[in-house]
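To start, the structure under review is shown below, and the notes come after it.
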Protein chains: 2
Amino acid sequence: MADRLPAEGSHRRRRPTKQGTVLSAGLIVETALRLIREHGASALTVRRLGAALGADPSALYRYFRNTDELLLAVADELIGQVWVGWAASGDWRADLRDLGLRMHAAFLAHPQAAVLTAHRTTGGPHETHAIETIIGVLRGAGFPDPAAVAIYHGFVDLGLSQAALDAAHLALPAEAREAERRVWQRTYTSMPAGTHPHLAATGTLLRNEMGRSAYPQLLELFLDAAAIRLPRKAG
Amino acid sequence: MADRLPAEGSHRRRRPTKQGTVLSAGLIVETALRLIREHGASALTVRRLGAALGADPSALYRYFRNTDELLLAVADELIGQVWVGWAASGDWRADLRDLGLRMHAAFLAHPQAAVLTAHRTTGGPHETHAIETIIGVLRGAGFPDPAAVAIYHGFVDLGLSQAALDAAHLALPAEAREAERRVWQRTYTSMPAGTHPHLAATGTLLRNEMGRSAYPQLLELFLDAAAIRLPRKAG
DNA sequence: ACCTGAACACCGTTCAAGT
DNA sequence: ACCTGAACACCGTTCAAGT
């Protein structure tokens with residue numbers, strides 16, 4: 001698919017842009033992440049990215065076929081950040097918990113990019129490493145292959161979908177996020193018991209509950225369920 | 001906030017547009033949903049919506065402050081579709097399973113709209129009804145209020161986040177979706193055992209597993225965990 | 001070989017002018 | 001009172017022209 005685009009490690013000589021930048025796929029991805037982080041998802045436009053790099057916007061099309069291909073590279077880079085400084089402990093449950101929370105944290109550190117990428121399959125090197133390692137943790141723990149694969153699916157989709165949900169909230173413009181907060185703080189804490197008895201009875205509890213992520217609770221529950229599928233060790 | 005915009009049921013007389021349409025918030029929301037459904041999320045632009053309604057794009061700003069406010073109305077409408085034809089059975093577990101699957105189905109029926117709205121708190125009438133009903137099912141089953149509220153949170157966030165994840169995949173342009181399918185069908189089924197032993201061993205299992213949603217599995221597991229928190233009935 | 005710049009076909013939103 | 005139309009400040013992408 002990408003065969004006429006320069007390979008990642010290509011040592012081809014590149015002419016600097018007018019402003020002196022020597023472009024590369026890696027530099028473009030880094031700059032894209034920084035742009036999103038500093039100015040929000042709406043800042044990721046080819047035109048602004050070109051300006052931030054000191055190059056004409058159209059020069060980027062020599063490195064990525066279109067914005068979707070650039071986005072997949074950003075996605076793989078985000079997946080890569082999950083693994084920085086991680087090492088397996090040998091305890092599958094601790095390892096999965098740690099990886100789940102790291103995945104969530106890495107995506108929430110770049111909420112705007114996470115929203116755009118959490119649901120993508122990149123096929124890239126970091127994604128490949130992630131699958132290999134997680135399946136390895138499960139097989140190493142003694143899960144039979146079909147169970148390992150089913151648990152892998154649930155684990156990754158739970159983590160990614162929750163990361164995307166929480167990231168989407170963080171990525172809202174301040175005004176919209178504040179408006180949603182007010183709904184939980186005010187609207188749903190003052191429903192008349194006549195028409196909405198259950199909301200009236202639990203509004204305050206809801207206000208506290210909905211202010212945090214459901215992920216830690218759901219992850220723990222998932223790990224409990226996975227543990228049940230682990231065969232007892234022989235001998 | 002929306003105090004200078006016409007109320008939903010306002011009987012104010014409205015002049016038809018040049019092309020004869022009498023605008024209303026409801027008609028605009030319906031048309032927006034249809035537009036997204038027929039031509040994808042990128043079709044939801046003020047300009048195209050205006051054209052579809054037979055009105056000047058700028059006329060819409062008399063009904064919605066901006067596109068975000070329109071989106072929240074679309075979100076509440078989607079939530080409303082979950083409840084069409086639903087009635088409580090009295091069995092909390094069957095009711096939650098049914099509602100979870102309906103939520104997922106309603107959002108997947110409008111994948112492009114779901115991606116844009118699944119993470120929003122609308123504060124609208126359908127959302128209010130949803131919270132009241134779900135909390136009611138849990139309290140009616142005998143869950144103490146703190147448990148009911150925690151379970152509500154996990155249930156709704158699991159359903160919405162999984163709906164958003166699956167919808168985001170369905171909402172991809174055909175070309176991108178096909179490319180991702182190929183990654184699971186080809187790339188990850190042919191990894192060399194030398195560098196990626198675990199992927200090499202489970203590639204075929206993964207190919208089958210990743211083609212379907214993790215949600216039914218996760219929902220069942222969640223309901224199991226919830227059941228454990230239900231106090232035994234006295235007497 | 002690679003970057004540039006103009007061009008094309010779009011956006012959301014505002015506001016004075018029309019009816 | 002409500003809709004219109006022009007205007008403003010943007011988009012992604014292509015492609016012939018420059019170096």
Side-chain angles (χ1 to χ4, degrees), chain A residues 2-7 10-25 27-28 31-32 35-36 39-74 112 116 172-173 175-176, chain B residues 2-7 10-25 27-28 31-32 35-36 39-74 112 116 172-173 175-176:
Chain A
D3 28 33
R4 60 176 182 72
L5 297 179
S10 124
H11 285 279
R12 201 133 38 118
R13 199 157 312 151
R14 299 220 163 246
R15 175 151 44 98
T17 65
K18 253 186 177 175
Q19 296 183 41
T21 319
V22 176
L23 295 176
S24 71
L27 178 63
I28 294 172
T31 308
L35 216 51
I36 297 174
H39 303 104
S42 61
L44 185 59
T45 73
V46 176
R47 293 172 119 100
R48 289 227 230 172
L49 187 50
L53 283 160
D56 190 90
S58 62
L60 306 184
Y61 288 84
R62 308 221 132 242
Y63 298 84
F64 300 98
R65 211 171 242 57
N66 50 39
T67 43
D68 194 64
E69 203 174 85
L70 167 59
L71 211 56
L72 287 178
V74 170
Q112 326 267 0
L116 300 173
L172 285 178
E175 201 189 331
Chain B
D3 28 34
R4 60 178 181 73
L5 296 178
S10 126
H11 286 278
R12 199 130 44 114
R13 199 158 310 153
R14 299 218 162 248
R15 174 151 46 98
T17 65
K18 252 185 177 174
Q19 296 183 42
T21 319
V22 176
L23 294 176
S24 71
L27 179 63
I28 295 172
T31 308
L35 217 52
I36 297 174
H39 303 105
S42 61
L44 184 59
T45 72
V46 176
R47 293 171 119 101
R48 288 227 230 172
L49 187 50
L53 283 159
D56 189 272
S58 63
L60 306 184
Y61 288 84
R62 309 220 131 240
Y63 297 84
F64 300 98
R65 210 170 242 63
N66 49 41
T67 43
D68 194 64
E69 205 173 84
L70 167 59
L71 211 56
L72 286 178
V74 170
Q112 326 267 0
L116 300 173
L172 285 178
E175 201 189 333

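All figures in this text were calculated on a predicted structure; none of them were measured in a lab. Proteins come first, then strands; the chains are lettered A, B, ... in the order of their sequence lines, and each starts at number 1.
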Nearest-Å distance for atom pair [atom1]/[atom2], residues [X] and [N]:
X       : N      : atom1 : atom2 : value
A:Glu69 : D:dG12 : CD    : P     : 16 Å
A:Leu70 : D:dT13 : CG    : C1'   : 14 Å
B:Leu49 : C:dT13 : CG    : C1'   : 14 Å
A:Tyr63 : C:dC2  : OH    : P     : 7 Å
B:Arg62 : C:dT13 : CZ    : C1'   : 14 Å
A:Leu71 : D:dT13 : CG    : P     : 11 Å

Check your understanding: Pick the nucleotide of DNA chain C nearest each of B:Pro57 and A:Pro57; which residue has the one closer to the 5' end?
Key ->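 Of the two residues, A:Pro57 wins.
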
Smallest separation among heavy atoms of [X] and [Y], with atom names:
X        : Y       : value
B:Leu23  : B:Ala59 : CD1-CB, 4.0 Å
B:Ala176 : A:Asp68 : CB-OD2, 4.0 Å
A:Thr17  : A:Ala55 : CG2-CB, 3.5 Å

Nearest 0.5 Å, what's the [atom1]-[atom2] distance between [X] and [Y]?
X       : Y        : atom1 : atom2 : value
A:Phe64 : A:Leu71  : CZ    : CG    : 10.5 Å
B:Leu44 : B:Gln112 : CG    : CD    : 10.5 Å
B:Leu49 : B:Thr31  : CG    : OG1   : 6.5 Å
A:Asp56 : A:Arg47  : CG    : CZ    : 9.0 Å
B:Leu72 : B:Thr67  : CG    : OG1   : 10.0 Å

Exercise for review: Starting from the C-alpha separation in whole Å, work towards a yes-or-no answer on side chain to side chain contact (heavy atoms under 4.5 Å, CB included) for A:Leu60 and A:Ile28.
Suggested key: CA-CA 8 Å; A:Leu60 306 184; A:Ile28 294 172; 3.8 Å; yes

Exercise for review: Could you walk me through whether A:Leu27 and A:Val22 pass the side chain to side chain contact (heavy atoms under 4.5 Å, CB included) test, one step at a time?
Suggested key: CA-CA 9 Å; A:Leu27 178 63; A:Val22 176; over 6 Å; no

Practice item. Examine distances only and state if a side-chain atom of B:Asn66 and a backbone atom of B:Glu69 form a donor-acceptor pair shorter than 3.5 Å. Key: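 Yes: the side chain of B:Asn66 pairs with the backbone of B:Glu69.
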
Using a cutoff of under 3.5 Å, can you pull out all pairs of nitrogen or oxygen atoms linking the protein to nucleotides 9-11 of chain C, with atom names and distances?
none

Exercise for review: Represent DNA chain C in dot-bracket notation, 5' to 3'. Only Watson-Crick or G-U wobble pairs with both distances under 3.5 Å count; pseudoknot-style crossings use [ ] and interstrand partners use |.
Suggested key: ||.|||||...|||||.||

Return the polar atom pairs (N/O with N/O) between nucleotides 14-19 of chain D and the protein under 3.5 Å, or none.
from: D:dG18; atom 1: N2; to: A:Arg15; atom 2: NH2; distance (Å): 3.1

